[in-house]
Amino acid sequence: MTRLSQLLLPTEREPPADAEAVSHKLMVRAGLVRQIGSGLWSWLPAGWRVHQKVVQIIREEIDAIGGQEMLMPVLQPAEAWHRTGRYEIDELLKLKDRKGAEMVLAMTHEECVTTHVAQVVRSYRDLPFSLYHFQVKERDEPRPRAGVLRTREFIMKDAYSFDRDQAGLRASYDAYATAYARIFERTGLEWYSVESDVGMMGGSAAHEYMAPCRAGENEVALAPGYAANVEVASAQAQPVDVPAPLPAPEAVQTPAATTIDAVARLLELPAGALLKAFPIVIADDRGFVLVVVRGDHRVNEIKLANALGSPWRAATDGDVSARLGPPGFIGPVGADVTVLLDEGVDSEGGYVVGANQADRHLRGVKPGRDFDFERVDVRVVEAGDSVGGHPITIEPAIEVGNIFQLGTRYSEPLGATYLDEDGAQRPIVMGSYGIGPARIVAAAVEQFSDEKGISWPRALAPWDVEIVALGRSGSGELAAAEGLYRDLRAIGLDVLLDDRAAGPGAKFADAELLGIPLRLTVGRRSLDSGRAEAQRRRGLEDVEGGVALDGAAEAVTELWRTLP
RNA sequence: CGGGAUGUAGCUCAGCCUGGUAGAGCACCGCGUUUGGGACGCGGGGGUCGUCGGUUCGAAUCCGGCCAUCCCGACCA
């Protein structure tokens, strides 16, 4: 259906009252998507065309590295999820069938694909290979937001690689990284890959593919040659003026000053001249430890968990009082606990720390002399910190894809093993690779829209060309537009013809809102000279002279190739 | 899960404070005019005022419960 007069394209002049994100507003206004519940969206015909364009790009590039497309069900027995321990995840939707059997709606497909592979693969000769599908994912998100950016149901391309060992996995991982670079390059998005947290997935390495945009939920630290999710980023701290150490720690009265701010103000020092003591309890036998960062820094909980290699919790006031002193006045000096000192703390300085006594701090404290410590890197990086001598910037981005080296996280509990040349049974080494097409669509809207509407990269546009036919029905303009429409379609262009009875203003406004990269206008201004006007959507630039109707197909194809 | 807000026509909203016939603009239908930047005239259709309960002679309006949706935060295999 490519005649606007017959297309279900419900454009709106006003954005939804409660929409905040640009992509949310524009995708609804342009008639691409409609909401049916919180985090639940339908894709209308024009929007679905964009989604399908993304899907096709992904399919071609994953096929090119030997991925095999298949399809697995969303509704699954709960058993495998019990075995992998993921049944306990809150986001997993659980239900029972009519016989009372426990079922789940899959949030990804590791359990299913690994179960099949466990049944099928017997020998190292069966490896390696990789499988993928495009399938709906269900997640009981605590807070869906920003239109299609974070939803409870969405289509994901999820791929899984199966190798005999870590070296094989690395090769598969690299192949996917290469394919992903081609995919995101082809979409026309601005993007980059970043180091990311391996999270509860386990495994040894992970990268995320990020599209920078305002509505993004992630923060990325960037410097020349460096890009990392702030969750895991490391950088050189900005210097701060710290007094020289005193010959020995000296007590100062700090009545009721329980915060870094209050102490800094009282002693007229920058916050960075203080040390912040963050007491935690580690889940393993290390127990209670004191994490110490510079006063102007914050502890990064993910980096801390990774540095510890174990889950942890913040210590309670009771723990703190029993082991150190009154909360608000604790510090590392004289404490009978392990001290983990963040790399942002210069050990030559003389810092102010809590004295482990009420209303009292110590100053002139030198790490190493006045307390023992182990070095860790557990702080949140900040804009202006540096990497390789370059200051970093931090910008929001939307995660559009990720690649994970899973290892044996799923193959072991699900019994996916093979026999090697020596007849030894070994677990299959897996990787998993996701892409969210809907997020690519939304990111494109975020990155390239202007005050008039969307401006699609040509690779994602729902149609290649929009023809705006002016003049009333029965006029020569409409007839000429119909002829142009036939000619362009004949050579394989995707063409949308605005043949509605609406006025010119409404047609132009809708064309700009929908954002098709090339607009051809057929009206009496240019028809007399046998031409159609042409305008690029990006920047709304007119093409000098337009295109001649005679031989238009070739001219338009050439023009289309020059578009972003 | 914590904080904030909102539910009135397809959309954006007014009306609520101070209880008494449910409104506007856009959209839609009919007729006519109009066709290069969201046209105009005339006529018309459309709403359990989220829901349940309470107060009252009378509730969109006051009170309470619930539900839904959005925003901020937490969370985000």
Side-chain angles (χ1 to χ4, degrees), chain A residues 8 10-21 24-25 28-29 31 34-41 81 84-93 104-111 137-147 149-152 154 156 158 196-203 206 208 215-219 229 231 301-302 314 398-399 402 404 406 409-410 432 434 436 439 452-453 468-478 481 498-513 519-528 532-533 535 540 542 546:
Chain A
L8 182 72
T11 58
E12 297 285 349
R13 302 176 74 138
E14 304 277 353
D18 43 24
E20 204 64 38
H24 182 185
K25 292 179 183 174
V28 172
R29 283 192 55 212
R34 287 265 161 149
Q35 185 174 22
I36 195 67
S38 179
L40 299 170
W41 291 83
W81 296 76
T84 61
R86 298 170 92 203
Y87 190 79
E88 307 309 321
I89 293 171
D90 288 336
E91 280 72 27
L92 182 66
L93 280 156
V104 305
L105 296 176
M107 53 200 308
T108 57
H109 283 74
E110 279 85 359
E111 278 78 2
K137 304 291 178 265
E138 304 286 348
R139 296 186 185 181
D140 196 0
E141 286 285 348
R143 182 153 104 81
R145 59 177 291 275
L149 279 180
R150 183 162 213 89
T151 56
R152 293 197 290 177
F154 60 97
M156 181 189 267
D158 43 324
S196 71
D197 182 40
V198 296
M200 300 308 284
M201 298 281 289
E208 288 165 341
E217 293 184 296
N218 294 92
E219 291 194 311
N229 193 318
E231 289 176 347
E301 302 190 354
I302 292 169
I398 177 76
E399 181 187 348
N402 57 53
F404 270 91
L406 278 182
R409 165 70 179 83
Y410 294 90
S432 82
R439 284 186 165 186
K452 302 274 194 179
V468 174
L470 299 180
R472 45 169 58 186
S473 74
S475 70
E477 287 118 298
L478 186 55
D498 191 348
D499 58 344
R500 294 175 300 176
K507 290 181 179 180
F508 291 141
D510 274 351
E512 282 149 8
L513 180 57
R519 185 180 91 196
L520 302 178
T521 304
V522 180
R524 52 180 155 76
R525 261 184 212 169
S526 58
L527 193 54
D528 293 344
E533 294 142 73
Q535 187 184 65
L540 294 172
D542 287 325

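When reading the values below, keep in mind they use all heavy atoms of this one structure, side chains included, and skip hydrogens, waters and symmetry mates. Residue numbers start from 1 in every chain, and the chains themselves are labelled A, B, ... in the order their sequence lines are given, proteins ahead of strands.
- Taking atom CG of residue A/Asp498 and atom P of nucleotide B/U35, one finds them 18 Å apart after rounding to whole Å.
- Spacing between B/A59 and B/U51 at atom C1', rounded to whole Å, works out to 15 Å.
- Taking the side chain as every heavy atom from C-beta outward, A/Glu110 and A/Thr84 never approach each other to under 4.5 Å.
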What N/O pairs connect the protein and nucleotides 1-12 of chain B at under 3.5 Å? Give each pair on its own line.
from  : atom 1 : to      : atom 2 : distance (Å)
B/U12 : OP1    : A/Ala17 : N      : 3.0

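- The partner of B/G58, taking Watson-Crick or G-U wobble pairs whose two distances both stay under 3.5 Å, does not exist in any strand shown.
- Of the side-chain N and O atoms in A/Ser38, one or more sit less than 4.0 angstrom from OP1 or OP2 of B/C70.
- Under a 3.5 Å cut-off, the side chain of A/Lys507 and the backbone N or O of A/Leu470 do not form any donor-acceptor pair.
- Straight-line distance from the CZ atom of A/Arg150 to the C1' atom of B/G73: 14 Å, rounded to whole Å.
- The CE atom of A/Met107 sits 16 Å away from the P atom of B/C75 (whole-angstrom rounding).
- Applying the Watson-Crick and G-U wobble criteria (two distances, each under 3.5 Å), B/C75 pairs with nothing in any strand.
- For a distance-only test at 3.5 Å, the side chain of A/Arg519 qualifies as a donor-acceptor partner of the base of B/G37.
- Taking the P atoms as reference points, B/C52 lies 15 Å from B/A68, given to the whole Å.
- Using N1 to N3 plus N6-O4 or O6-N4 for Watson-Crick, or N1-O2 and O6-N3 for G-U wobble, each under 3.5 Å, B/C66 pairs with B/G50.
- Across all strands shown, A/Gln35 has heavy atoms under 4.0 Å from sugar-phosphate atoms exclusively, and none from any base.
- Summarising the geometry, the separation between CZ on A/Arg13 and C1' on B/G37 is reported as 11 Å, rounded to the nearest angstrom.
- Summarising the geometry, the separation between CG on A/Leu149 and P on B/C76 is reported as 19 Å, rounded to the nearest angstrom.
- In this structure, the salt bridge (charged side-chain N to carboxylate O under 4.0 Å, His left out) partners of A/Arg145, at least two apart in sequence or on a different chain, are A/Glu217.
- Nucleotides B/U21 and B/A39 place their C1' atoms 35 Å apart, quoted to the nearest Å.
- Remark: B/A14 base-pairs with no nucleotide; criterion is Watson-Crick or G-U wobble with both hydrogen-bond distances under 3.5 Å.
- Using Watson-Crick or G-U wobble geometry with both donor-acceptor distances under 3.5 Å, B/G19 finds no partner in any strand shown.
- One atom, CZ of A/Arg139, and another, C1' of B/C76, lie 9 Å apart when rounded to the nearest Å.
- Residues satisfying the side-chain contact (heavy atoms from CB on, under 4.5 Å) criterion with A/Glu138, sequence neighbours excluded, are A/Val74, A/Leu93, A/Leu105, A/Val136, A/Glu153.
- When heavy atoms are screened at a 4.0 angstrom cut-off, A/Glu533 is found touching base atoms of the nucleic acid.
- One C1' atom belongs to B/G50, the other to B/U69, and the distance between them is 10 Å to the nearest Å.
- Under the rule for a side-chain contact (heavy atoms from CB on, under 4.5 Å), the partners of A/Asn402 that lie at least two apart in sequence or sit in another chain are A/Glu208, A/Glu399, A/Phe404.
- Judged by Watson-Crick or G-U wobble contacts below 3.5 Å, the nucleotide B/A27 has no partner.
- Distance noted for atom P between B/C17 and B/A60: 12 Å (whole Å).
- B/A39 is paired with B/U33 under the criterion used here, namely a Watson-Crick or G-U wobble arrangement in which both key atom distances are under 3.5 Å.
- Residues forming a side-chain contact (heavy atoms from CB on, under 4.5 Å) with A/Arg152 (at least two apart in sequence, or on another chain): A/Ser38, A/Leu40, A/Asp140, A/Glu141, A/Pro144.
- A search for side-chain contact (heavy atoms from CB on, under 4.5 Å) contacts involving A/Ala106 returns A/Gln76, A/Trp81, A/His109, not counting sequence neighbours.
- Within the 4.0 angstrom heavy-atom criterion, no nucleotide atom of any strand lies near A/Asp90.
- Across every non-hydrogen atom of A/Val468 and A/Ala511, the tightest pair is CG2-CB, 4.5 Å.
- Taking the nucleotide of RNA chain B with the nearest heavy atom to each of A/Ile89 and A/Thr521, the more 5' of the two is matched to A/Thr521.
- Following rounding to the nearest Å, A/Glu219 (CD) and B/C76 (P) show an atom-to-atom distance of 16 Å.
- Rounded to whole Å, the C1' atom of B/G25 lies 15 Å from the corresponding atom of B/G15.
- Nucleic acid contact for A/Ala511: none, since no nucleic acid atom lies under 4.0 Å from a heavy atom of the residue.
- At the heavy-atom level, A/Gly471 lies under 4.0 Å from the strands shown only through sugar-phosphate atoms.
- A distance of about 16 Å separates the P atoms of B/C16 and B/A22, rounded to the whole Å.
- With both ends at atom C1', the span from B/G4 to B/G45 equals 39 Å, rounded to whole Å.
- Ion pairing between a basic and an acidic side chain is recognised when a charged N comes within 4.0 Å of a carboxylate O; A/Glu12 and A/Arg34 show such pairing.
- Between the CD1 atom of A/Ile36 and the P atom of B/U69 there is a distance of 11 Å, rounded to whole Å.
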